[in-house]
Student: 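Below is the structure I would like to discuss, written out as structure tokens.
Since this is a predicted model, take the numbers as computed values, not measurements.
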Amino acid sequence: VINPEEEALEDLEMDLIVAGTDEAILMVECGAQGVTEAEVLDALDIAHGEIRKIVDTIEQLRQQAGKEKLVIEEPEVDPELVERIRASHGAKLDEATQVPEKLARQEAAKEVELAVLEEHAPTPVDGEPDPELRAEVSRAFNRLEKDIIRRRIAVDKKRPDGRAQDEIRPIECEIDLAPRVHGSALFTRGETQILSSVALGTTRMDMKVDNLGLQETKRFWHHYNFPPFSVGEAGFMRGPKRRDIGHGALAERALEATIPDEEEFPYVLRVVSDTLESNGSSSMGSVCASSMALQAAGVPVSAPVAGVAMGLIKEGDDYVVLTDIAGVEDHLGDMDFKVAGTKEGITALQMDIKITGVTLEILKDALDQANRGRQFILEKMSEAIDHPREQLSPFAPKITSIKIDPEKIGALIGKGGETIRGLSEEFEAEIDVDDDGTVRLYAPTGELVDALAERITAMTKDVEVGDRFTGKVVKTTNFGAFVELAKGTDGLLHISNVKPGERVDSVDDVLSAGDEIDVTVVEVDRERGRI
């Protein structure tokens with residue numbers, strides 16, 4: 001469906017947004033319920049056909065009302081200067097860019113750049129360096145560095161850290177690192193490391209979302225933090241930036257398809273991913289860490305989710321699709337393609353393309369290679385945890401749901417809310433009641449929740465012969481005593497049963513208003529409403 005109505009967006013198997021030109025797709029954003037690679041490709045092909053129609057309309061408008069196109073010239077790089085630098089320092093730069101470790105590689109390349117600047121834009125003995133000349137030499141150096149790395153990857157099939165094109169960096173997975181949170185996991189892939197923590201809350205803690213449509217609420221959300229120290233920098237931490245918000249939303253979209261509905265798991269869920277170190281796709285690392293943390297927390301997710309970042313280097317007709325791209329491959333590459341999903345299918349996809357000429361055949365290769373990478377990562381994750389725990393953390397709030405007759409809601413709430421407030425105080429609990437008779441109970445321990453559920457069930461169920469109650473005497477008469485079995489429900493204790501085995505002359509000799517006694521129901525007259 002092209003441009004589906006807003007009302008249809010909630011129940012889609014795939015929600016796909018595509019941007020592009022008449023020549024190529026440039027950007028893709030997708031959330032899905034586990035679709036196949038073939039379905040994604042089919043959707044991209046359909047979307048690009050529609051984009052061409054829109055671009056054609058824009059072009060017609062431009063011809064009728066448009067102004068002359070601005071000519072923007074990019075900064076020139078002197079090819080002769082590039083070749084001189086290649087001749088003098090090309091071998092050293094080639095060697096520096098093959099250092100496997102990220103910071104060591106950056107330092108080695110910086111050392112070569114300083115030597116190049118000293119040779120080709122030297123500082124006069126008695127003056128300041130020429131800023132324009134130094135800028136020109138730096139541009140030429142950067143062009144040479146880019147050419148060397150891209151040609152080595154695309155033509156020589158050698159990546160900066162020595163990996164094969166479909167090879168994933170070493171992976172380590174751990175769970176339960178943070179003992180006090182309700183679930184935690186650490187995912188390390190090469191020089192990227194993510195710590196994810198899960199907190200469970202009651203349904204009253206859902207997030208209010210006030211957007212352009214009607215006010216909505218969310219019961220599952222994922223936050224992502226990227227502190228400066230994760231890339232070896234010192235900087236201010238003043239809340240999430242645009243990039244952090246986008247990465248958090250992408251990981252949330254990837255995980256959302258596996259989150260159980262409220263009837264199955266009546267909790268609100270918040271996951272926070274903290275990037276401890278970053279060199280390539282911390283967003284996909286967050287998907288992996290968060291999926292493991294959710295399982296460690298005992299959330300009954302439908303399946304584990306993993307993510308992998310794909311890249312592309314294209315030089316002429318030569319191209320190579322890269323699995324698990326590192327930072328330098330993202331920076332110098334032609335495509336950043338993040339794919340997340342379960343063993344069965346894709347749940348989220350985000351793609352940015354920097355060049356034209358990326359064909360559906362290349363995208364098919366990237367999706368197939370991403371699938372193999374995702375399966376490999378899921379296997380590694382399963383070694384740490386392969387299914388959701390059956391028990392929640394002892395620190396998580398205890399929640400249960402019971403169903404009562406909707407006509408009994410008034411009895412549960414009581415006059416002015418007196419009954420429900422009293423129960424909340426007695427059991428240290430929160431009680432939520434829906435119009436359909438669903439009652440959700442939240443308490444610090446399982447014992448309190450179970451006892452509260454038992455009390456409410458007894459209060460609201462239809463009284464049957466044989467039921468036992470601890471009731472309070474509310475009134476005595478010459479023929480017996482009225483005993484409150486539950487709020488709003490009394491039964492008659494006949495004088496002949498006030499003192500079993502004995503006949504008493506007066507009920508008041510044995511019972512007084514306010515006494516608590518154990519009673520058993522022996523007769524229920526439903527027509528007259530008597531117990």
Student: I want to check something: taking the side chain as every heavy atom from C-beta on, are V268 and W221 in contact at a cut-off of under 4.5 Å?
Tutor: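 A side-chain contact exists here, since the closest heavy-atom pair is under 4.5 Å.
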Student: When you compare the side chain of Q369 with that of V308, does any pair of heavy atoms fall below 4.5 Å?
Tutor: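 V308 does not reach Q369 side chain to side chain.
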Student: Quick check: does any side chain N or O of H182 sit under 3.5 Å from a backbone N or O of F395, one acting as donor and the other as acceptor?
Tutor: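 Flag set: sc H182 to bb F395 pair under 3.5 Å.
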Student: Any side-chain heavy atom of T202 within less than 4.5 Å of one from R440?
Tutor: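 They are not in side-chain contact.
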Student: Is E13 atom CD crowded by more than 12 heavy atoms from other residues, nucleotides or ligands, each under 6.0 Å away?
Tutor: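 No.
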Student: Please check this pair: side chain of E191 against backbone of K102, looking for a donor-acceptor N/O pair closer than 3.5 Å.
Tutor: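 Answer holds: yes.
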Student: Using 0.5 Å steps for rounding, measure from the CG atom of L493 to the CZ atom of F482.
Tutor: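 If we round to the nearest 0.5 Å, L493:CG and F482:CZ are 10.5 Å apart.
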Student: Backbone N or O of A326 within a donor-acceptor pair of the R169 side chain at under 3.5 Å?
Tutor: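 No: the side chain of R169 does not pair with the backbone of A326.
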Student: A quick test of your reading: do over 12 heavy atoms of other residues, nucleotides or ligands sit less than 6.0 Å from CG of D505?
Tutor: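 No, the 6.0 Å shell around CG holds no more than 12 heavy atoms from other groups.
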Student: Kindly check if the number of other-residue, nucleotide or ligand heavy atoms within 6.0 Å of CG (D435) is above 12?
Tutor: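 Not more than 12 within 6.0 Å, no.
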Student: If you count every heavy atom of other residues, nucleotides or ligands that lies below 6.0 Å from E516 atom CD, does the total exceed 12?
Tutor: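 Counting neighbours around CD of E516, more than 12 heavy atoms of other residues, nucleotides or ligands fall under 6.0 Å, so yes.
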Student: Measuring from D210:CG to T217:OG1, what's the distance to the nearest 0.5 Å?
Tutor: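 Here the rounded value is 12.0 Å.
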Student: State, without any angle test, whether H247 and S282 hold a side-chain donor-acceptor pair at a distance under 3.5 Å.
Tutor: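 No donor-acceptor contact under 3.5 Å links the two side chains.
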Student: So F226 and Y224, would you call those rings parallel, tilted or perpendicular, with 30° and 60° as cut-offs?
Tutor: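 F226 and Y224: parallel rings.
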Student: Locate the shortest heavy-atom distance separating A297 from L392; write the atom from each residue and the value.
Tutor: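 Answer, listing the atom of A297 first, then L392: O-CD2, 3.2 Å.
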Student: Could you state the interatomic distance from CG (D166) to CE (M310), rounded to the nearest 0.5 Å?
Tutor: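 These two atoms lie 8.5 Å from each other.
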Student: Crowded around E50 CD? As in, over 12 foreign heavy atoms under 6.0 Å?
Tutor: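 Result for CD/E50: enclosed.
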Student: Just how far is it from atom CD1 of I168 to atom CZ of R374, taken to the nearest 0.5 Å?
Tutor: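 That separation rounds to 11.0 Å.
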Student: Can you check whether N497's main-chain N or O pairs, donor with acceptor, with K499's side chain at less than 3.5 Å?
Tutor: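 Not at all, since once roles are kept as given, no pair shorter than 3.5 Å links the two residues.
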Student: Quick one: closest heavy-atom pair of S273 and I194, and the distance?
Tutor: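 Answer, listing the atom of S273 first, then I194: CB-CG2, 3.8 Å.
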Student: Does one side chain, of S401 or T438, offer a donor that lies under 3.5 Å from an acceptor on the other?
Tutor: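 Short answer, no.
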Student: Is there a side-chain contact between H48 and L360 in this structure, where contact means two heavy atoms from C-beta onward sitting under 4.5 Å apart?
Tutor: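 No, too far: nothing below the 4.5 Å cut-off.
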Student: Apply side chain to side chain contact (heavy atoms under 4.5 Å, CB included) to the pair L349 and L367, showing each step before the final yes or no.
Tutor: CA-CA 10 Å; L349 186 151; L367 282 168; 3.9 Å; yes
Student: Carefully, step by step, assess V507 and T477 under the rule side chain to side chain contact (heavy atoms under 4.5 Å, CB included).
Tutor: CA-CA 7 Å; V507 175; T477 68; 5.8 Å; no
Student: Are D368 and R372 close enough, and set up right, to give a salt bridge (Lys or Arg N to Asp or Glu O under 4.0 Å), and what steps lead you there?
Tutor: CA-CA 7 Å; D368 290 343; R372 294 193 297 273; 5.8 Å; no
Student: Could you go step by step and tell me if D324 and R163 meet the salt bridge (Lys or Arg N to Asp or Glu O under 4.0 Å) rule?
Tutor: CA-CA 10 Å; D324 178 26; R163 282 183 291 150; 3.3 Å; yes
Student: Would you say CD of E101 has more than 12 non-hydrogen atoms from neighbouring residues, nucleotides or ligands within 6.0 angstrom?
Tutor: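 More than 12 heavy atoms, drawn from other residues, nucleotides or ligands, come within 6.0 Å of this atom.
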Student: Which atom pair, heavy atoms only, marks the closest approach of T476 to L511?
Tutor: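 Looking at all heavy atoms of both residues, the closest pair is CG2-O, 4.0 Å.
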Student: Please indicate whether K475 has more than 12 foreign heavy atoms, meaning atoms of other residues, nucleotides or ligands, lying under 6.0 Å from its NZ.
Tutor: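 No, NZ of K475 has 12 or fewer neighbouring heavy atoms, counting only those of other groups under 6.0 Å.
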Student: To the nearest 0.5 Å, tell me how far Q375 CD sits from K343 NZ.
Tutor: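 Atom-to-atom, Q375:CD and K343:NZ are 7.0 Å apart.
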Student: Restricting to non-hydrogen atoms, name the atom on T347 and the atom on G34 that form the minimum distance, rounded to 0.1 Å.
Tutor: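 Residues T347 and G34, closest heavy atoms: CG2-N, 4.2 Å.
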Student: Do I171 and M381 have side chains that approach each other closer than 4.5 Å (heavy atoms only, starting at C-beta)?
Tutor: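 Of all side-chain heavy-atom pairs linking M381 with I171, none is under 4.5 Å.
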Student: Can you check whether A185's main-chain N or O pairs, donor with acceptor, with S196's side chain at less than 3.5 Å?
Tutor: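 No; judged by distance alone, with no hydrogens or angles, the pair does not exist.
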Student: Side chains of S197 and R180: closer than 4.5 Å at any heavy-atom pair?
Tutor: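 They are not in contact (no side-chain heavy atoms under 4.5 Å apart), so the answer is no.
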Student: Do any N or O atoms from the side chain of K380 and from the backbone of P170 form a donor-acceptor pair under 3.5 angstrom?
Tutor: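 Not confirmed, K380 side chain does not pair with P170 backbone.
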Student: Look only at the side chain of E252 and the backbone of H222, and say whether a donor-acceptor pair between them is shorter than 3.5 Å.
Tutor: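 Such a contact is found between E252 side chain and H222 backbone.
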Student: Could you tell me whether the side chain of S291 and the main chain of C288 form a donor-acceptor pair under 3.5 Å?
Tutor: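 Answer holds: no.
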Student: Which pair of non-hydrogen atoms, one from M284 and one from R189, has the smallest distance, and what is that distance?
Tutor: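 In terms of heavy atoms, the two residues are closest at C-NH1, 4.4 Å.
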Student: Between R253 and D15, is a salt bridge (Lys or Arg N to Asp or Glu O under 4.0 Å) present by the stated rule, with each step listed?
Tutor: CA-CA 11 Å; R253 210 168 197 185; D15 180 10; 3.2 Å; yes
Student: With no hydrogens and no angle check, is any side-chain donor or acceptor of D405 less than 3.5 Å from a backbone partner on E407?
Tutor: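 Yes: the side chain of D405 pairs with the backbone of E407.
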Student: Return yes if a side-chain donor-acceptor contact under 3.5 Å exists between T470 and D518, otherwise no.
Tutor: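 Side chains of T470 and D518: pair found under 3.5 Å.
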Student: Report the C-alpha distance between D244 and R242 in whole Å, list the side-chain angles of each, state the deciding distance to 0.1 Å, and finish with yes or no for salt bridge (Lys or Arg N to Asp or Glu O under 4.0 Å).
Tutor: CA-CA 6 Å; D244 301 12; R242 175 189 58 83; over 6 Å; no
Student: Would you check, one step at a time, whether the test side chain to side chain contact (heavy atoms under 4.5 Å, CB included) holds for H494 with E523?
Tutor: CA-CA 11 Å; H494 193 265; E523 183 183 348; over 6 Å; no
Student: So which atom in R530 and which in R528 form the shortest heavy-atom distance, rounded to 0.1 Å?
Tutor: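 Nearest heavy atoms, R530 then R528: NH1-NH2, 2.9 Å.
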Student: Show your working on side chain to side chain contact (heavy atoms under 4.5 Å, CB included) between T457 and E454 and close with a plain yes or no.
Tutor: CA-CA 5 Å; T457 300; E454 190 177 328; 5.8 Å; no
Student: Check whether any side-chain heavy atom of F220 sits under 4.5 Å from a side-chain heavy atom of V271, and report yes or no.
Tutor: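 SC-SC contact between F220 and V271 confirmed.
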Student: Output the distance between atom CE (M335) and atom CG (D352), rounded to the nearest 0.5 Å.
Tutor: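 Output value for this atom pair is 10.5 Å.
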Student: Is any side-chain heavy atom of K398 closer than 4.5 Å to one of L448?
Tutor: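 No, too far: nothing below the 4.5 Å cut-off.
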Student: Under a 3.5 Å distance rule, please check whether Y442 uses its side chain to pair with a backbone N or O of D432 as donor and acceptor.
Tutor: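 Here the side-chain-to-backbone pair does not exist.
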